[in-house]
Amino acid sequence: METVLAVLERDDVAFEIEFERTSEPPFELHLPSHIGGAAVMDVFDLCDATLWPELIRYRFSECVPVVIGSDDDF
């Protein structure tokens, strides 16, 4: 399995994750998170893919709520 290194930026903080390489870089990444105990997804938008497929950069765009136990879970 080939992987790509993604740098995720949020405010003044950046961290790296690796994920399985696809034919094209994903336009956004969704990562599980929480705010005050509530489940959310942090959404990161692609901002630089010039070094694809070795390295790509994403910038935080928003938090979206996650509904746990909805009919969509089945």
Side-chain angles (χ1 to χ4, degrees):
M1 171 179 74
E2 295 185 43
T3 61
V4 61
L5 182 65
V7 176
L8 308 177
E9 301 171 351
R10 183 175 185 162
D11 299 324
D12 294 335
V13 177
F15 57 96
E16 300 174 347
I17 64 169
E18 282 188 4
F19 62 90
E20 187 173 346
R21 187 178 346 177
T22 56
S23 60
E24 303 254 339
F27 289 108
E28 63 183 20
L29 295 179
H30 294 226
L31 298 176
S33 188
H34 59 86
I35 296 176
V40 296
M41 284 289 203
D42 288 342
V43 180
F44 292 84
D45 292 331
L46 180 65
C47 63
D48 183 6
T50 55
L51 297 177
W52 174 261
E54 287 79 33
L55 176 74
I56 49 180
R57 300 182 80 80
Y58 289 86
R59 187 166 297 123
F60 176 78
S61 66
E62 65 180 327
C63 271
V64 293
V66 175
V67 177
I68 297 175
S70 72
D71 293 339
D72 295 336
D73 291 342
F74 299 107

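Keep in mind that the numbers below use all heavy atoms, side chains included, and drop hydrogens, waters and symmetry copies.
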Distance, nearest 0.5 Å, that separates [atom1] of [X] from [atom2] of [Y]:
X: Leu46; Y: Arg57; atom1: CG; atom2: CZ; value: 11.5 Å
X: Glu54; Y: Glu2; atom1: CD; atom2: CD; value: 9.5 Å
X: Phe60; Y: Leu31; atom1: CZ; atom2: CG; value: 10.5 Å

Q: Report the C-alpha distance between Leu8 and Arg10 in whole Å, list the side-chain angles of each, state the deciding distance to 0.1 Å, and finish with yes or no for side chain to side chain contact (heavy atoms under 4.5 Å, CB included).
A: CA-CA 7 Å; Leu8 308 177; Arg10 183 175 185 162; over 6 Å; no
Q) What heavy-atom pair brings Pro26 and Tyr58 nearest, and what distance separates the two atoms? A) O-OH, 2.7 Å
Q. Where is the tightest heavy-atom contact between Asp42 and Cys63, given as atom of each residue plus distance?
A. OD1-SG, 2.8 Å
Q.
Determine whether Asp45 and Arg59 satisfy the following criterion, side chain to side chain contact (heavy atoms under 4.5 Å, CB included), listing intermediate values before the conclusion.
A. CA-CA 5 Å; Asp45 292 331; Arg59 187 166 297 123; 5.7 Å; no
Q. Can you find a heavy atom in the side chain of Met41 that is under 4.5 Å from one in the side chain of Ser33?
A. no
Q. Do the non-hydrogen side-chain atoms of Arg21 and Thr3 ever get within less than 4.5 Å of each other?
A. no
Q) When Ile17 is tested against each of Val7, Leu29, Val4, Leu5 for side chain to side chain contact (heavy atoms under 4.5 Å, CB included), which residue passes? A) Leu29
**Q.** Enclosure of Glu18 CD (heavy-atom neighbours >12, cutoff 6.0 Å)
**A.** yes
Q: Evaluate whether atom NE2 of His34 has more than 12 neighbouring non-hydrogen atoms of other residues, nucleotides or ligands under 6.0 angstrom away.
A: no
Q. Are Phe19 and Phe15 connected in a single hydrophobic cluster, I mean Ile/Leu/Val/Met/Phe/Trp/Tyr linked by side-chain heavy atoms less than 4.5 Å apart?
A. yes
